[in-house]
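Every number for a ligand or one of its atoms is a count from 1 in the order of the listing.
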Amino acid sequence: MSNVGDYTAVREDIKKILPQPGYDDGSAGPVLVRLAWHASGTYDVHSKTGGSDGATMRFAMEANDPANAGLDKARAFLEPIKQKHPWISYADLWTLAGVVAIESMGGPIVPWKPGRSDKTAEDSCPPNGRLPDAAQGEQHIRDVFYRMGFNDREIVALIGAHTIGRCHADRSGFVGPWTYTPTRFSNQFFIQLVKQNWTPKTVNGQTQYKDDADELMMLPADLALIKDPKFKEIVDIYAQDKQAFFNDFASAFGKLLELGVDRSSQAKL
Ligand code: HEM
């Protein structure tokens with residue numbers, strides 16, 4: 001048990017659970033990043049509902065949103081850390097785990113502040129269906145991310161997180177990794193997106209895209225980033241300039257994790 005507020009001790013314990021031999025590519029990192037993103041990405045800037053505050057994915061209604069399939073694994077990886085440091089909220093733990101995972105996989109340092117609390121009733125869950133649908137294109141992506149308060153450059157930077165991890169037949173139904181280095185945070189997603197020749201392939205009844213060697217994959221939503229001229233301009237920048245991607249990703253991901261967190265009372269202190 002650590003002292004209340006010892007976030008360094010929590011960070012150290014998160015680092016210790018990242019190596020997971022026998023799970024996926026040997027790291028819990030990618031699924032922890034997806035948990036932090038899905039906990040935050042339900043935010044609606046107009047109604048100011050959803051977002052990372054509350055850790056409402058603990059409740060069945062949000063946990064069972066089909067978009068969140070597989071995130072029970074991420075929550076289970078973190079549960080022993082919550083037991084060891086009971087003073088930290090789940091909402092802070094889930095977002096901090098995403099930040100520590102990115103940093104440990106070689107990514108940028110993402111700004112993170114504690115202060116989220118856990119809501120206690122299921123009726124505080126945002127409605128299902130607010131997270132993006134991988135089968136759709138640029139209009140849908142803009143609708144969903146503008147609703148969270150992001151602009152085009154932030155959208156492209158954020159989706160660059162697909163440089164890590166993979167799709168799972170038993171979760172989304174899509175299959176495969178986006179890069180050859182799914183446990184290293186880099187700009188490889190953008191490099192592969194512009195370099196490879198992507199052709200459609202039906203997997204589990206859904207269209208995804210394959211490279212000529214059929215080793216990597218892209219989702220229809222990923223390909224929208226090179227079909228849409230405005231998105232493509234930003235993809236080209238990130239494919240050539242890893243530092244530009246890291247800088248933009250760090251600020252956009254930091255902003256994502258703050259969605260729905262009301263800091264007005266804390267600011268007055
Ligand atoms: C248009 C937006 C997006 C769509 C449609 C989308 C869709 C998906 C899908 C279908 C998967 C596969 C899930 C599975 O089968 O395990 C996935 C995985 C993942 N997504 Fe996204 N995503 C989007 C944006 C983002 C963003 C903004 C982030 C983070 C900043 C992110 C991070 C990840 C990560 C790290 C994984 C890998 C998880 C693992 O390896 O278990 N995604 N995404």
Side-chain angles (χ1 to χ4, degrees), residues 18 20 23-43 52 65-77 94-95 97-99 101-102 104-105 107-108 110 129-150 152-179 181-186 188-189 193 203-204 206-209 217-225 227-228 231 235 245-246 248-257 259:
L18 294 178
Q20 290 287 340
Y23 172 79
D24 273 7
D25 303 288
S27 172
V31 80
L32 293 178
V33 173
R34 183 168 166 246
L35 174 66
W37 136 239
H38 280 208
S40 311
T42 53
Y43 190 62
S52 70
D65 185 331
N68 289 331
L71 291 179
D72 52 316
K73 302 266 189 314
R75 296 192 297 276
F77 283 135
W94 292 354
T95 49
V99 164
I102 287 167
S104 304
M105 289 187 283
V110 176
R130 284 194 179 177
L131 291 161
D133 174 357
Q136 297 201 48
E138 55 274 20
Q139 186 58 52
H140 171 75
I141 295 174
R142 287 198 169 92
D143 288 346
V144 169
F145 281 86
Y146 289 177
R147 188 210 66 223
M148 294 176 222
F150 289 111
D152 284 0
R153 193 165 174 119
E154 291 168 320
I155 292 172
V156 177
L158 284 171
I159 299 174
H162 285 168
T163 200
I164 51 168
R166 56 172 57 246
C167 297
H168 302 78
D170 59 340
R171 301 184 191 177
S172 61
F174 297 102
V175 178
W178 292 268
T179 68
T181 47
T183 64
R184 287 300 294 167
F185 198 94
S186 69
Q188 274 297 321
F189 168 79
L193 194 53
V203 179
N204 297 320
Q206 304 184 111
T207 301
Q208 59 180 66
Y209 290 81
M217 67 88 62
M218 289 285 161
L219 299 164
D222 298 315
L223 273 206
L225 302 184
K227 283 190 188 146
D228 181 89
F231 284 151
V235 167
F245 167 52
F246 273 29
D248 289 355
F249 181 84
S251 63
F253 198 66
K255 175 174 162 180
L256 174 70
L257 303 182
L259 297 181

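Taking only nitrogen or oxygen atoms, main chain and side chain alike, His168 reaches within less than 3.5 Å of ligand 1. Remark: ligand 1 and His162 share an N or O pair separated by less than 3.5 Å (distance only, no angle test).
The option with the heavy atom closest to atom 27 (C) of ligand 1, from among Leu131, Leu71, Leu158, is Leu158. Scanning Phe249, Phe174, Trp178, Trp37 for the heavy atom closest to atom 18 (C) of ligand 1 points to Trp178. In this structure, of Pro132, Ser40, Ala67, the residue bringing a heavy atom nearest to atom 3 (C) of ligand 1 is Pro132. Of the candidates Arg171, Arg34, His38, the one placing a heavy atom closest to atom 34 (C) of ligand 1 is Arg34.
The nearest protein atom to atom 40 (O) of ligand 1, hydrogens excluded, is given as Arg166 N, 3.0 Å; this is a heavy-atom distance. Among all protein heavy atoms, the one lying closest to atom 12 (C) of ligand 1 is Cys167 SG, 3.5 Å. Atom 35 (C) of ligand 1 has its closest protein heavy atom at Pro30 O, 3.3 Å. The shortest contact between atom 10 (C) of ligand 1 and any protein heavy atom is with Ser172 CB, 3.7 Å. If you check which protein heavy atom lies closest to atom 29 (C) of ligand 1, you get Ala161 CB, 3.3 Å. Nearest protein heavy-atom neighbour of atom 5 (C) of ligand 1: Ala134 CA, 3.4 Å.
At a heavy-atom distance under 4.0 Å, only side-chain atoms of Leu219, from C-beta outward, approach ligand 1.
Gln139 and Asp143 share a side-chain donor-acceptor pair at under 3.5 Å. No side-chain N or O of His140 forms a donor-acceptor pair with one of Asp133 less than 3.5 Å apart.
Between Tyr43 and Trp37, a ring centre-to-centre spacing not shorter than 6.0 Å is recorded. Residues Phe189 and Phe245 place their aromatic rings such that the two centres sit no closer than 6.0 Å.
Residues Val144 and Leu131 are not in side-chain contact: their nearest non-hydrogen atoms beyond the backbone lie 4.5 Å or more apart.
Under a 4.0 Å criterion applied to the non-hydrogen atoms of Phe145, ligand 1 contributes the atoms 1 (C), 2 (C). Under a 4.0 Å criterion applied to the non-hydrogen atoms of Gly165, ligand 1 contributes the atoms 37 (C), 40 (O). Counting atoms of ligand 1 from 1 in the listed order, those under 4.0 Å from a heavy atom of Phe253 are 30 (C).
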TODO: Test side-chain contact (heavy atoms from CB on, under 4.5 Å) on Phe150 and Leu259 and set out the steps.
DONE: CA-CA 11 Å; Phe150 289 111; Leu259 297 181; 3.9 Å; yes
TODO: Mind running side-chain hydrogen bond (donor to acceptor under 3.5 Å, both in side chains) on His38 and Asp65 for me, showing each step along the way?
DONE: CA-CA 11 Å; His38 280 208; Asp65 185 331; over 6 Å; no
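A salt bridge does not link Lys227 with Glu138: every distance from a Lys NZ or Arg NE/NH1/NH2 to an Asp or Glu carboxylate oxygen is 4.0 Å or more.
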